[in-house]
Trainee: 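Before I ask anything, here is the structure I am working with.
Everything quoted here is computed from the prediction, not taken from an experiment. Indexing begins at 1, ligand by ligand and atom by atom, following the structure's order.
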Amino acid sequence: MIYKKDKLTIEGFDVSFLGKKYKTPIYCYSLKKIKDNIENLKRNFKKIDPLICYAVKANSNLNILKEIKKQNLGADVVSLGELMKALKAGIKPKKIVFSGVGKTEAEIEYAISKNILLINAESKSEILEIEKIAKIKKKNVDIGIRLNPNTDAKTLNQISTGKKENKFGVNQKIFLQLIDYLKKSKYLNLKCLSVHIGSQILSHKPYQSMLKVIDKILKKTNHKFEYIDLGGGMGIDYNHNNSKIDLKKYYKDIEKFLKKNNYKIIFEPGRSIVGNSAILITKIIYIKQGYKKDFVILDAAMNDLMRPALYGANHKIIPTKKVRNNKNKNYEFVGPICESTDTFSTVRKYQKLNEKDFLVICDVGAYGTSLASNYNVRPKPIEILIKGSKIQIISKRQKISELM
Ligand code: LLP
């Protein structure tokens, strides 16, 4: 996004023009950004040639999935719906891994019938369930076990997944027991050790600790794993102050780890692929005075973008028309929903805004639409994808009639 003559543009399109044309709120994606992000990941990890399985939960729009498939990525799915969508987008079953603590019988059956690459199991009970179904289907099934490495990802507590108090994976003792159990299994092949310690991780250090734990546990067993699935979690620069993860350092740690061990690495990135690829274009409905600040009431709300309400997450809000030398307003940007958590951010020294102006909420490509709801019977926004000089509508605005 850049300002041209003080007007905000995205990939050459005037944002206010898009706002007028498609009516707000609008999720507007840049295909170029998605491709650049994928290219960046591939480039940084080129030497180890990982299998990159896009975490569908970050954004499951079918057209986005199709574009990601065109870049030869696989998928990490966590439900029957996500698995079906990944397949529908054309992603090859042998590039799909299935994560999650509570896979149901129906989900496991479907995954087995589609011959996906790996079901990453997270408990003994789940392994028994997979084994039972494999036996009925008389099929050999490749699985992974997700280890809980008890590593602090140093991210928001709500999106940490690798600490001992978290529900994910199995502890080291059970991990070793399960390896022994699986040695005798006729139907299950243990191929992968998987981990995922959390999301929006901004330093390579937690990954370094995680790799040490993996290294240690691998030394305690002579089982020959084929894959090590390191999960996703690579953080992005929401604050626009260059605070994103240094992938070169992460790569170095993995390279060191692989010197002692020879495995195919799997990644499950979500946010780092789509996070900064989209903006939410919104319009100011009203501006009203509070006690100490003015409330800017937007036509986008917490049902469209949950992250601020749910995690206190920060998304920059920028004007579509820059005004210079007039930055003296204290604003709180809020949605129209009847909840006090329906607030996006409070900003000091902001330029003076006017009712009916368009604004942009930045970096909403990951966990934006995928977490959106119809709370307050609000229809979900339109989604558009900029592809070079063309715009594709990749999801129509819901009609209120669909919600009746
Ligand atoms: N793999 C597994 C097993 C996961 O649970 C997740 C995310 C990922 C991969 C992808 O992580 P990423 O690369 O996107 O960080 N709704 C929250 C994020 C929840 C993440 C859940 N798991 C948010 O809006 O920040």
Side-chain angles (χ1 to χ4, degrees), residues 34 37-38 40-41 45 50-60 64 68 73-79 82-83 86 96-103 117-122 126 144-149 151 153-163 166-170 192-203 206-207 210 227-238 244-245 247 250 265-278 280 302 304-315 344 361-373:
I34 295 175
N37 292 336
I38 293 175
N40 185 39
L41 273 179
F45 297 102
L51 172 62
I52 304 178
C53 293
Y54 166 68
V56 174
K57 65 169 81 67
N59 191 307
S60 56
I64 302 269
I68 287 172
L73 264 55
D76 161 51
V77 301
V78 292
S79 69
E82 283 192 0
L83 175 53
I96 298 180
V97 298
F98 199 153
S99 312
V101 291
K103 300 175 201 80
L117 180 67
L118 291 165
I119 301 177
N120 285 336
E122 303 212 18
E126 184 186 344
I145 308 176
R146 178 162 171 185
L147 172 71
N148 180 324
T151 305
K154 303 248 162 37
T155 180
L156 290 173
N157 226 359
Q158 302 100 309
I159 52 177
S160 280
T161 48
K163 291 192 273 188
N166 299 131
K167 68 181 174 184
F168 301 98
V170 297
C192 175
L193 178 161
S194 82
V195 281
H196 171 76
I197 57 172
S199 200
Q200 184 54 13
I201 298 170
L202 288 172
S203 155
Y207 288 118
M210 172 189 95
Y227 303 98
I228 303 289
D229 180 343
L230 297 175
M234 291 91 134
I236 64 166
D237 186 17
Y238 283 111
K244 60 181 182 231
I245 186 168
L247 291 181
Y250 186 21
I265 294 291
I266 300 176
F267 287 121
E268 303 170 354
R271 191 189 315 268
S272 52
I273 290 179
V274 290
N276 66 358
S277 76
L280 180 55
M302 65 189 278
D304 304 308
L305 178 67
M306 272 275 258
R307 301 195 68 256
L310 203 55
Y311 314 113
N314 179 41
H315 288 262
F344 292 110
I361 308 181
C362 298
D363 307 311
V364 296
Y367 310 104
T369 51
S370 60
L371 277 171
S373 78

Trainee: Which residues pass the side chain to side chain contact (heavy atoms under 4.5 Å, CB included) test with Val78, sequence neighbours left out?
Mentor: Lys57, Glu82, Ser99
Trainee: In Å, rounded to the nearest 0.5 Å, how long is the span from CD1 of Ile197 to NZ of Lys154?
Mentor: 9.5 Å
Trainee: Any donor-acceptor pair under 3.5 Å linking the side chain of Thr151 with the backbone of Gly162?
Mentor: no
Trainee: Who's the nearest protein heavy-atom neighbour of atom 21 (C) of ligand 1, and how far?
Mentor: Lys57 CD, 3.8 Å
Trainee: With a 4.0 Å cut-off on heavy atoms, is Arg146 touching ligand 1?
Mentor: yes
Trainee: Show the atoms of ligand 1 that are less than 4.0 angstrom away from any heavy atom in Ala55.
Mentor: 8 (C), 9 (C), 10 (C)
Trainee: So which protein heavy atom does atom 15 (O) of ligand 1 come closest to, and at what separation?
Mentor: Ser199 OG, 2.4 Å
Trainee: Please list, in number order, the atoms of ligand 1 under 4.0 Å from a heavy atom of Gly233.
Mentor: 11 (O), 12 (P), 13 (O), 15 (O)
Trainee: Out of all atoms in ligand 1, which are within 4.0 Å of some heavy atom of Leu371? Include the element for each.
Mentor: 16 (N)
Trainee: Calculate, to the nearest 0.5 Å, the distance between atoms CD1 and CG belonging to Ile228 and Leu147 respectively.
Mentor: 9.5 Å
Trainee: ring-ring contact (aromatic ring centres under 6.0 Å, His included) with Tyr238: which residues, sequence neighbours excluded?
Mentor: His315
Trainee: Decide whether the shortest distance between a heavy atom of Pro269 and an atom of ligand 1 is less than 4.0 Å.
Mentor: yes
Trainee: Do Asn148 and Asn166 have side-chain N/O donor and acceptor atoms under 3.5 Å apart?
Mentor: no
Trainee: Measure the distance from atom 14 (O) of ligand 1 to every protein heavy atom, then report the residue, atom name and distance (to 0.1 Å) of the closest one.
Mentor: Tyr367 OH, 2.6 Å
Trainee: Distance to 0.1 Å, residue and atom name: give those for the protein heavy atom nearest to atom 8 (C) of ligand 1.
Mentor: His196 CE1, 3.4 Å
Trainee: Describe, in one word, how the ring planes of Tyr250 and Phe45 are oriented to each other, choosing from parallel (under 30°), tilted (30 to 60°) and perpendicular (over 60°).
Mentor: perpendicular
Trainee: Between Arg307 and ligand 1, find which residue part has any heavy-atom pair under 4.0 Å and reply side chain, backbone, both or neither.
Mentor: side chain
Trainee: Just which atoms of ligand 1 are under 4.0 Å from any heavy atom in Arg271?
Mentor: 12 (P), 13 (O), 14 (O), 18 (C), 23 (C), 25 (O)
Trainee: Between atom CG of Leu41 and atom OG of Ser272, what is the distance when rounded to the nearest 0.5 Å?
Mentor: 5.0 Å
Trainee: Can any side-chain N or O of Tyr54 pair as donor or acceptor with the backbone N or O of Asn59 at less than 3.5 Å?
Mentor: yes
Trainee: Going by the atom numbers of ligand 1, which of them fall below 4.0 Å from some non-hydrogen atom of Asp76?
Mentor: 1 (N), 2 (C), 9 (C)
Trainee: What's the shortest distance from atom 3 (C) of ligand 1 to any protein heavy atom, and which residue and atom give it?
Mentor: Glu268 OE1, 3.4 Å
Trainee: To the nearest 0.1 Å, how far is atom 17 (C) of ligand 1 from its closest protein heavy atom, and which atom is that?
Mentor: Tyr311 OH, 3.1 Å
Trainee: Check for a donor-acceptor pair, side chain of Lys103 on one end and backbone N or O of Asn120 on the other, with a separation under 3.5 Å.
Mentor: yes
Trainee: Check ligand 1 against Gly270 and write out every atom of the ligand that is under 4.0 Å from a heavy-atom position of the residue.
Mentor: 12 (P), 13 (O), 14 (O)
Trainee: Give the atom numbers and elements of ligand 1 that come within less than 4.0 Å of a heavy atom of Gly232.
Mentor: 9 (C), 13 (O)
